[in-house]
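Single-structure report; data block below.
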Amino acid sequence: MAASFTFTHAICRTPSISSVDGLRAVDTGAPDLATFRAHHADYVAALRATGANVTLLDALEDFPDSTFVEDAALCLPKGAVIMRPGAPSRLGEAAAIRPAIEAAYGPHMRQISGPGHIEGGDILVTEREILVGKSARTDAAGVWELRAIVSDWGYTLRELQTPPDVLHFKTDCSLLDADTILTTRRLAASGCFDGYDLIYTEDGEDASANAIRFNDAVLFPAGFPRTAAALDRAGYNVVEIGNSEAAKLDGGMSCLSLRFSPPT
Ligand code: GLY
């Protein structure tokens, strides 16, 4: 079984009322909470429909971006790492996610202690390696500390650069299977995915690059019909989920869950 996209468990967190104050690069208006929660419920249901056990954590009003749980931890087959978010308003999310990770991973858990910063949105785990894009949220010191931890577990980490003005590395790419990555042309142009098979987002649909392969499904943001059709033609089971409200906070499919199979 491919550990990079086959999972028994996921963790999600209900969007908080305070999510209307979440971080955003460009203000296109506050998310509508009812719609955001309805989309989130669809997302959780889609994960569960694959047979996974999904833990839904309570909303955290002190942290407007905390529904984007992916940024606070990295879950790998051999262990989990609590991240150190680079956005000051998100730093406390690391402690908030810790109990849920500890419950799943027990002693197989480590923590980025700093002074560097790193967010899960900048990390793409493939079957071969762990790709980490430095960004406004993830710096060299954070990558260095993560490399030391995952090297202990036998993983290879490759340091890359997130394109300028792109929030996270995975804003622009997603793993589709052991060999295939969905990517924007602007990210792939760096050559960072040489050796992988690539499917490109269609012109004008770069905002669809953030999807997740989760067991037999590809959870994909609604509203990008040509890229969805390309994935369908390639044989993927595309499950479209509304993402209009999360997108106002620069959030996408990967941001909304931590996906893992606990170590045995
Ligand atoms: N609003 C999500 C983030 O900026 O981290």
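Just so you know, ligand 1 is whichever comes first in the structure, and atom 1 is the first atom listed for that ligand.
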Just to be sure I read this right, does ligand 1 sit under 4.0 Å from the backbone of R90, its side chain, both, or neither, counting only heavy atoms?
side chain
Beyond-backbone contact of R137 with H117, side-chain heavy atoms, under 4.5 angstrom
no
Purely on distance, is any nitrogen or oxygen of R24 under 3.5 Å from one on ligand 1?
no
Give a yes/no on ligand 1: does R137 have at least one heavy atom closer than 4.0 angstrom to it?
yes
Can you name the residues that form a side chain to side chain donor-acceptor pair (under 3.5 Å) with E245, not counting sequence neighbours?
K248
Please determine if D65 has a nitrogen or oxygen closer than 3.5 Å to a nitrogen or oxygen of ligand 1.
yes
Ring pair (Phe, Tyr, Trp, His ring centres under 6.0 Å) against F5, all qualifying residues, sequence neighbours excluded
none
Close-contact set for ligand 1 against L249 heavy atoms, below 4.0 Å
1 (N), 2 (C)
Determine the interplanar angle of the Y105 and F260 rings, folded into 0 to 90°, and report it as parallel if under 30°, tilted if 30 to 60°, perpendicular if over 60°.
tilted
Please indicate whether any nitrogen or oxygen in F68 is less than 3.5 Å from any nitrogen or oxygen in ligand 1.
no
What are the two closest non-hydrogen atoms of P262 and H9, and how far apart are they?
CD-ND1, 3.3 Å
Within the distance-only criterion (no hydrogens, no angle test), does the side chain of T227 pair as donor or acceptor with the backbone N or O of F224 below 3.5 angstrom?
no
Polar-atom distance check: L23 versus ligand 1, any N or O pair below 3.5 Å?
yes
